[in-house]
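These numbers come from the heavy atoms of this one structure, side chains and all, not from hydrogens, waters or symmetry mates.
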Amino acid sequence: MKKDIKTHADVQLLVNSFYEKVKSDPVIGPVFTEQFNVNWDRHLQTMYDFWENALFFTGNYAGNPIASHRRMHTKYPFRAEHFQAWLSLFTATVDEHFEGEKALLAKQRALSISTVMRIKVLEASKSM
């Protein structure tokens, strides 16, 4: 039986494992590795804070991911399949390592995030 997401170390495992998949994914990997040349140390720390806040309400994260992704979208247009690939990889990573209440919450939050991002980034850009 897998354990649930309970600690900072668990969040780090989730985030690190997820982004290892992202880097080699043919759909979204190039967005991170070629288009935006992500500073991985900074990005991973931001994602630890983001997911700890999303799961445990720590207050560690104060960014604006919608604004960030809208700016990125102006430089490299995202497509619906980018959001679907992100969600599929994230869900698979949670399922690979964890099960339980917080694992389910992480997958629910990821679905919500992907849906809202797709609407606020893709659909909003169509109406401009």
Side-chain angles (χ1 to χ4, degrees):
M1 182 167 164
K2 299 171 195 160
K3 67 178 194 157
D4 203 357
I5 304 167
K6 295 181 180 177
T7 66
H8 179 75
D10 293 337
V11 172
Q12 285 181 307
L13 174 62
L14 171 60
V15 169
N16 291 343
S17 299
F18 168 67
Y19 280 105
E20 283 305 310
K21 287 177 176 57
V22 165
K23 289 175 188 177
S24 62
D25 184 77
V27 176
I28 62 173
V31 174
F32 287 84
T33 60
E34 296 170 18
Q35 295 299 320
F36 293 104
N37 196 21
V38 171
N39 176 329
W40 287 106
D41 290 335
R42 192 171 82 222
H43 186 67
L44 291 174
Q45 185 58 55
T46 299
M47 292 298 95
Y48 303 152
D49 292 345
F50 177 86
W51 282 105
E52 276 190 312
N53 189 57
L55 298 174
F56 304 114
F57 308 103
T58 59
N60 291 347
Y61 179 79
N64 187 337
I66 291 173
S68 299
H69 286 80
R70 280 182 173 162
R71 281 191 303 274
M72 292 167 59
H73 181 65
T74 64
K75 295 179 174 136
Y76 180 82
F78 295 129
R79 300 181 314 272
E81 52 265 27
H82 289 119
F83 296 95
Q84 186 56 50
W86 180 90
L87 179 61
S88 295
L89 290 172
F90 189 86
T91 300
T93 305
V94 172
D95 288 342
E96 179 182 332
H97 294 284
F98 301 102
E99 64 184 7
E101 183 180 323
K102 293 296 183 184
L104 180 58
L105 179 61
K107 293 187 291 185
Q108 290 169 338
R109 293 272 160 86
L111 175 60
S112 295
I113 290 163
S114 177
T115 301
V116 169
M117 283 285 192
R118 191 170 54 242
I119 291 167
K120 298 278 187 176
V121 174
L122 291 184
E123 300 305 319
S125 70
K126 291 178 185 175
S127 64
M128 294 178 162

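Looking at residues two or more places apart in sequence or on another chain, you find no salt bridge (Lys or Arg N to Asp or Glu O under 4.0 Å) involving K2. Residues satisfying the ring-ring contact (aromatic ring centres under 6.0 Å, His included) criterion with F36, sequence neighbours excluded, are absent altogether. E81 is linked by a salt bridge (Lys or Arg N to Asp or Glu O under 4.0 Å) to R79, counting only residues two or more places apart in sequence or in another chain. Judged as a side-chain contact (heavy atoms from CB on, under 4.5 Å), and not counting sequence neighbours, the contacts of Q108 are L104, L105. Applying the salt bridge (Lys or Arg N to Asp or Glu O under 4.0 Å) test to K107 and every residue at least two apart in sequence or in another chain returns D95. Under the salt bridge (Lys or Arg N to Asp or Glu O under 4.0 Å) criterion, K3 pairs with D10, not counting sequence neighbours.
The shortest side-chain heavy-atom distance between H82 and H73 does not fall under the 4.5 Å cut-off. Between N60 and Y48, the closest side-chain pair of non-hydrogen atoms is not below 4.5 Å. Here the side chains of F83 and L122 are in contact, with some heavy-atom distance below 4.5 Å. You'll find the side chain of M117 stays beyond 4.5 Å of the side chain of W86, heavy atoms only. Between Y19 and V38, every side-chain heavy-atom pair lies at or beyond the 4.5 Å cut-off.
Atoms CD1 and CG, on I28 and L89 in that order, are 5.0 Å from each other to the nearest 0.5 Å. Separation of atoms CD (E52) and OG1 (T7) is listed at 8.5 Å; rounding is to 0.5 Å. Within the model, atoms NZ of K102 and CG of L14 stand 13.5 Å from one another, a figure rounded to the nearest 0.5 Å. Taken to the nearest 0.5 Å, the CD atom of E96 stands 6.0 Å off from the OG atom of S17. The OG1 atom of T46 sits 10.5 Å away from the CG atom of D41 when rounded to the nearest 0.5 Å.
One N or O on the side chain of T74 and one on the backbone of R71 form a donor-acceptor pair closer than 3.5 Å. Side chain of S88 to main chain of Q84: a donor-acceptor pair is present (N/O by atom type, distance under 3.5 Å, no hydrogens or angles).
For W51 and F18, the distance between ring centers is not under 6.0 angstrom.
Closest non-hydrogen pair, G59 versus N53, comes out as N-OD1, 2.7 Å. Considering every non-hydrogen atom in both I5 and A106, the closest pair reads CD1-CB, 4.1 Å. When every heavy atom of F57 is checked against every heavy atom of R109, the shortest pair comes out as CZ-NH2, 3.8 Å.
Counting heavy-atom neighbours within 6.0 Å of K23 NZ, excluding the residue itself, gives a total above 12. E101 CD: 12 or fewer foreign heavy atoms inside a 6.0 Å radius.
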- Task: Give the C-alpha distance, both sets of side-chain angles, the deciding distance and a yes or no for side chain to side chain contact (heavy atoms under 4.5 Å, CB included) between F78 and V31.
- Result: CA-CA 9 Å; F78 295 129; V31 174; 3.8 Å; yes

Check the pair D25, F32 against side chain to side chain contact (heavy atoms under 4.5 Å, CB included), reporting the backbone distance first and the verdict last.
-> CA-CA 10 Å; D25 184 77; F32 287 84; over 6 Å; no

Item checked: Test side chain to side chain contact (heavy atoms under 4.5 Å, CB included) applied to F90 and I113, step by step -> CA-CA 11 Å; F90 189 86; I113 290 163; over 6 Å; no

message: Show, in sequence, the C-alpha distance, side-chain angles and deciding distance for D49 and Q45, and conclude whether the side chain to side chain donor-acceptor pair (under 3.5 Å) test is met.
response: CA-CA 6 Å; D49 292 345; Q45 185 58 55; 3.3 Å; yes

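Between N16 and E20, the side chains place no donor N or O within less than 3.5 Å of an acceptor N or O (distance only, hydrogens not considered).
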